[in-house]
Amino acid sequence: MSTVLQSDLSAVVEGVNMMWVLTVTFLIFFMHAGFAMLEAGQVRSKNVANQLTKNLLTWSVGVIVYFLVGAAISTIVGGATGGGSYSVVGAFTDLYAPEAGSAGVWVDWLFGAVFAMTAATIVSGAVAGRAKLRAYVGYTILLAAVIYPVVVGFTWGGGFLDALGFYDFAGGVIVHAMGGIAGLTAAWIIGPRVNRFNDDGSVNVIPGHSMTFAVLGTLILAFGWYGFNVGTSASPLALAESGEVVLGSFETVGRVALVTTLGMAAGAIGAAGVATYKTGKVDTLYVANGLLAGLVGVTSVTDVIVWPGAIAIGLLAGAQLPIVFEFVEKRLQIDDVCAVFPVHGSAGLLGALAYPFVATAFWSGNASFLSLAIPQITGVVVISLWTFAATALVFGALRAAGQARVSRDHELEGLDSSEHGVDTYPEFGGPDDAGVVRSDGGTVRPDGGTICPDGDVATDSIAVETDSETDTEIKI
């Protein structure tokens, strides 16, 4: 009788755990709506449909490639670099046709797939407004098939970084920093948008078309992030040897939820504080992106740090955002449209490297600082170098073949029209329609573009002047 009861309880535990994983997976999938809105809000109105299409194709193309190739590659890399047993053929067949009774194989795959697609979609925000759709989709295929799976194989797949002790609970480095580094590399190789930088190195501001969409996307992402972090506690229940149902990894879920919440709040405050210090004004987009940077910062360590550490990491992740963005923009002269590197890249790296300072194991005396720091430093270096090299190779080849970016004329016209043949906001009117008269006799088109007095499209940028009192760029 007890054996039958234990068998029944085992089925209940497995069913509850799989339902939990599926629920949080759907929540993470919804983050794509957040990415779509965030990115659409930060690009010009003439490029909105292009950005939305890239987000749709990231999922549609990427998830199939990850199923057919990527998931198996991560298993192979993990076994090959971690010293475990593996079968090249079995890595594919075990996923394509799992044995009877292996109910959780495809559930586990889908949970991994939404993480993979999150890494992929981050790149689209960095190269917005000038990357060819075919180039972006081509890179997405390679990222889903090889680039991201190799990182997973090194870490979550049981590879050498996992054996070394590198810790990343929910993908602060494996997903977000990897995506941020890839985005920055791609933006560097493709080059900036037309007239983003002047010959003297000064920067022209090209504002996004909708702060409303950007903030809405931020809040959707923050909501989905609870699935990202809390959901990684993938086994709420477990069956003890005594036959009793007990809490599994879910026993840490309270700490994860708290750290996630404190991190995002502190990130927004940190970014707002630095932006105010630098300009005298609270920049709304910095606050929104700071909230996301705070989330990224704590994502790799949410279950193993003391709660004051969450506030510290969140504040630092948010505070570094305006500083790193300005460095990328003004020093490196890289046009990272949606600030994907300071939000996902540097914030993710910071959180992983800060782990030894705030780890529960360190403060309880169960682990030394160096035993925690060395694996984190090694993991950050290896993942960063691999991501940079692989992305540079792909986009370098695309640029050499003349397939990386659209033509100047198409860029000025807008990618919605040139790449998709649509007008996202037809009520705005076309480029030849009159708009607001400028001081030089030209007009500002309803979509934000400019027309010179002679009727030619002037530039994709907005002119700026500097307020001498606040040293703040003012768009005119």
Side-chain angles (χ1 to χ4, degrees), residues 17-39 52 54-75 95 103-125 137 139-153 155-157 168-180 182-183 217-236 249 253 256-257 260 292 295-296 299-300 302-303 340 343-344 348:
N17 288 346
M18 283 198 295
M19 184 57 66
W20 167 259
V21 172
L22 284 173
T23 300
V24 298
T25 296
F26 302 150
L27 194 60
I28 298 170
F29 168 77
F30 188 60
M31 291 175 72
H32 282 276
F35 276 114
M37 291 297 96
L38 176 65
E39 295 173 11
L52 297 177
K54 286 176 179 173
N55 276 273
L56 290 168
L57 288 177
T58 296
W59 172 262
S60 304
V61 175
V63 78
I64 291 178
V65 173
Y66 189 72
F67 176 73
L68 295 177
V69 181
I73 293 296
S74 66
T75 300
L95 180 59
V105 171
W106 287 340
V107 173
D108 293 341
W109 166 81
L110 182 58
F111 185 62
V114 291
F115 279 71
M117 295 307 99
T118 299
T121 200
I122 290 170
V123 180
S124 67
V137 172
Y139 177 74
T140 298
I141 291 172
L142 291 173
L143 183 143
V146 180
I147 300 174
Y148 174 79
V150 167
V151 174
V152 172
T155 53
W156 292 334
D168 190 341
F169 179 66
V173 176
I174 296 169
V175 176
H176 291 279
M178 181 265 175
T218 298
L219 294 176
I220 291 174
L221 282 170
F223 173 65
W225 224 290
Y226 283 109
F228 214 91
N229 286 1
V230 179
T232 300
S233 296
S235 301
S249 60
V253 76
V256 174
T260 300
L292 296 178
L295 282 165
V296 172
T299 288
S300 61
T302 49
D303 65 325
V340 303
V343 171
H344 300 276

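Just so it is clear, the values below take in all heavy atoms, side chains as well, and ignore hydrogens, waters and symmetry mates. Because the structure is predicted, anything quoted here is derived from the model rather than measured.
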Asks: Give the intermediate values and the outcome of side-chain contact (heavy atoms from CB on, under 4.5 Å) for residues V114 and F26.
Replies: CA-CA 9 Å; V114 291; F26 302 150; over 6 Å; no
Asks: Would you give the length of the straight line joining atom CG of N229 to atom OG1 of T302, rounded to the nearest 0.5 angstrom?
Replies: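 So the gap between those two atoms works out to 4.5 Å.
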Asks: Rounded to the nearest 0.5 Å, how far does CG of L52 lie from CG of L57?
Replies: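 Spacing of CG (L57) from CG (L52) equals 11.0 Å.
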Asks: Around F30, counting heavy atoms of other residues, nucleotides and ligands shown, do more than 12 lie under 6.0 Å from its CZ?
Replies: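 Open.
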Asks: If you take all heavy atoms of N17 and P236, which pair is closest and at what distance?
Replies: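 Taking every non-hydrogen atom into account, OD1-CD, 2.9 Å.
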Asks: Test T155 against every option in V173, D168, I174 by the side-chain contact (heavy atoms from CB on, under 4.5 Å) rule and name the one that passes.
Replies: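 The side-chain contact (heavy atoms from CB on, under 4.5 Å) with T155 is passed solely by I174 among V173, D168, I174.
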Asks: Testing the basics here: between V340 and G183, what is the closest heavy-atom pair and its distance to 0.1 Å?
Replies: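 Looking at all heavy atoms of both residues, the shortest contact is CG2-CA, 4.2 Å.
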Asks: Answer whether the closest heavy-atom distance between the side chains of L221 and L38 falls below 4.5 Å.
Replies: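 Yes - at least one pair of side-chain heavy atoms lies under 4.5 Å apart.
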Asks: Which atom pair, heavy atoms only, marks the closest approach of G217 to M37?
Replies: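 Distance-wise, the nearest heavy atoms are CA-CB, 3.6 Å.
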Asks: Measuring from atom CG of L68 to atom CD1 of I141, what distance do you get when rounded to the nearest 0.5 angstrom?
Replies: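 It comes to 11.0 Å.
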Asks: Just so I know, are the side chains of P149 and Y66 near enough to count as touching, which here means a heavy-atom distance under 4.5 Å?
Replies: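 With C-beta onward as the side chain, the pair touches.
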Asks: Should the pair H176 and H344 be assigned to parallel (<30°), tilted (30 to 60°) or perpendicular (>60°) ring geometry?
Replies: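 Geometry flag for H344 against H176: parallel rings.
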Asks: Nearest 0.5 Å, please: how far is NE2 in H32 from OG1 in T58?
Replies: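 Result: 7.5 Å between the selected atoms.
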Asks: Of the non-hydrogen atoms in E39 and S124, which two are nearest, and what is the gap between them?
Replies: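 In terms of heavy atoms, the two residues are closest at OE1-OG, 2.8 Å.
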Asks: Might you point out which heavy atoms bring L295 and A222 nearest each other, and give the distance in Å?
Replies: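 Closest pair (atom of L295, atom of A222, distance): CD1-CA, 3.9 Å.
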Asks: Find out whether V152 and F115 are in side-chain contact, i.e. whether some heavy atom of one side chain is under 4.5 Å from a heavy atom of the other.
Replies: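 The answer is no; the side chains never approach within 4.5 Å.
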Asks: Within the 4.5 Å heavy-atom criterion, are T121 and W59 side-chain neighbours or not?
Replies: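 The answer is no; the side chains never approach within 4.5 Å.
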Asks: Quick check: do F228 and T118 have side-chain heavy atoms less than 4.5 Å from each other?
Replies: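 F228 reaches T118 side chain to side chain.
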Asks: For the CG atom of L22 and the CH2 atom of W106, what is their distance to the nearest 0.5 Å?
Replies: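 Rounded to the nearest 0.5 Å, the CG-CH2 separation comes out at 13.5 Å.
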Asks: Within the 4.5 Å heavy-atom criterion, are W20 and V230 side-chain neighbours or not?
Replies: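 Yes, their side chains come closer than 4.5 Å.
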Asks: What are the two closest non-hydrogen atoms of G62 and A144, and how far apart are they?
Replies: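 It is O-CB, 3.6 Å.
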Asks: Do M178 and I147 make a side-chain contact, defined as non-hydrogen atoms from C-beta onward lying under 4.5 Å apart?
Replies: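 Contact flag for M178/I147 side chains = yes.
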Asks: If you define the side chain from C-beta out and look only at heavy atoms, does anything of Y148 sit under 4.5 Å from V175?
Replies: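 In contact.
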Asks: Evaluate the side chain to side chain donor-acceptor pair (under 3.5 Å) criterion for residues W225 and T299: first the C-alpha distance (whole Å), next the side-chain angles of each, then the deciding distance (0.1 Å), finally the verdict.
Replies: CA-CA 9 Å; W225 224 290; T299 288; 2.8 Å; yes
